[in-house]
Structures are given as C-alpha cells and as structure tokens.
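Each ligand, and each atom within it, is numbered from 1 in the order the structure gives.
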Amino acid sequence: MGLTAPVRVTRRCAGCGACLLTCPEHAIRPHGDPLTVLAARCTGCGECIEVCPVDAITEVEAAP
Ligand code: SF4
Ligand code: SF4
C-alpha cells in the first residue's frame with residue numbers, strides 16, 4: 001500500500017529549489033522528475049505551495 005503525501009510537485013516545476021529550502025520538514029528531495037515529496041515527512045503545511053514561483057506544487061486529494 002502506497003502512502004501519498006499531502007502535496008505533490010507537478011511538471012510545471014522550474015527547478016529553482018525554493019521549496020527545498022523552505023520546507024520545514026525537509027520533505028522535498030532534489031531527485032525525481034518532478035521532485036519527490038516524502039509522504040512520511042510532509043505535514044501538508046503548504047509553505048512550499050506559497051513559495052513556488054510557478055505554482056508547480058498542488059494539494060493532493062485525500063483518499064476517501
Ligand atoms: S506541505 Fe509543508 S511539509 Fe509538505 S512538502 Fe510542503 S513545505 Fe514541506
Ligand atoms: S519552488 Fe516550485 S519551481 Fe522551484 S523547485 Fe520547488 S516546485 Fe520547482
């Protein structure tokens with residue numbers, strides 16, 4: 001069973017790195033295309049969404 005993080009990085013990502021530096025949980029990792037959000041760390045605080053200059057990070061619908 002896969003655990004899904006509260007947010008995900010989409011292919012709009014421009015690779016600026018702002019979200020990596022901003023995430024208080026260090027949940028976004030600089031590998032993968034798009035970037036990987038670690039479900040075990042992400043709290044869904046939304047700070048990465050606020051800081052992304054190209055709106056590349058979106059909330060993920062909670063599983064029913
Ligand atoms: S929602 Fe918060 S905890 Fe999750 S990746 Fe973004 S900044 Fe990090
Ligand atoms: S802040 Fe946005 S554009 Fe920059 S690396 Fe993160 S997801 Fe990509």
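Of all atoms in ligand 1, numbered sequentially from 1 with element shown, those under 4.0 Å from a heavy atom of T43 are 3 (S), 4 (Fe). Set against the non-hydrogen atoms of G17, the atoms of ligand 2 under 4.0 Å away are 4 (Fe), 5 (S). For ligand 2 and L35, the ligand atoms under 4.0 Å from any heavy atom of the residue are 5 (S). The distance from ligand 2 to the heavy atoms of V54 drops below 4.0 Å at these ligand atoms: 3 (S). Close approach of ligand 2 to V9 (heavy-atom distance below 4.0 Å) involves ligand atoms 7 (S). Atoms of ligand 1 found under 4.0 Å from any heavy atom of E25, numbered from 1 in the order shown, are 3 (S). In the vicinity of I57, heavy-atom distances shorter than 4.0 Å reach the ligand 2 atoms 7 (S). Set against the non-hydrogen atoms of C52, the atoms of ligand 2 under 4.0 Å away are 1 (S), 2 (Fe), 3 (S), 7 (S).
Contact annotation for V51 and ligand 2: no heavy atom of the residue comes within less than 4.0 Å of the ligand. Counting heavy atoms under 4.0 Å from ligand 2, residue I28 does not touch it at all.
At least one N/O/S atom of C23, from backbone or side chain, sits under 2.8 Å from atom 8 (Fe) of ligand 1.
Closest heavy-atom contact between R12 and D55: NE-O, 3.5 Å. What you find for A40 and L3 is that their closest heavy atoms are N-CD2, 4.4 Å.
Taking a 4.0 Å cut-off on heavy atoms, T22 fails to register as neighbouring ligand 1.
Summary of contacts: the protein heavy atom closest to atom 4 (Fe) of ligand 1 is C42 SG, 2.3 Å. Here the protein heavy atom with the shortest distance to atom 3 (S) of ligand 2 is A14 N, 3.2 Å. Counting protein heavy atoms only, atom 2 (Fe) of ligand 1 is closest to C45 SG, 2.2 Å.
In the candidate list C19, G46, C48, G44, C48 is nearest to atom 7 (S) of ligand 1, counting heavy atoms.
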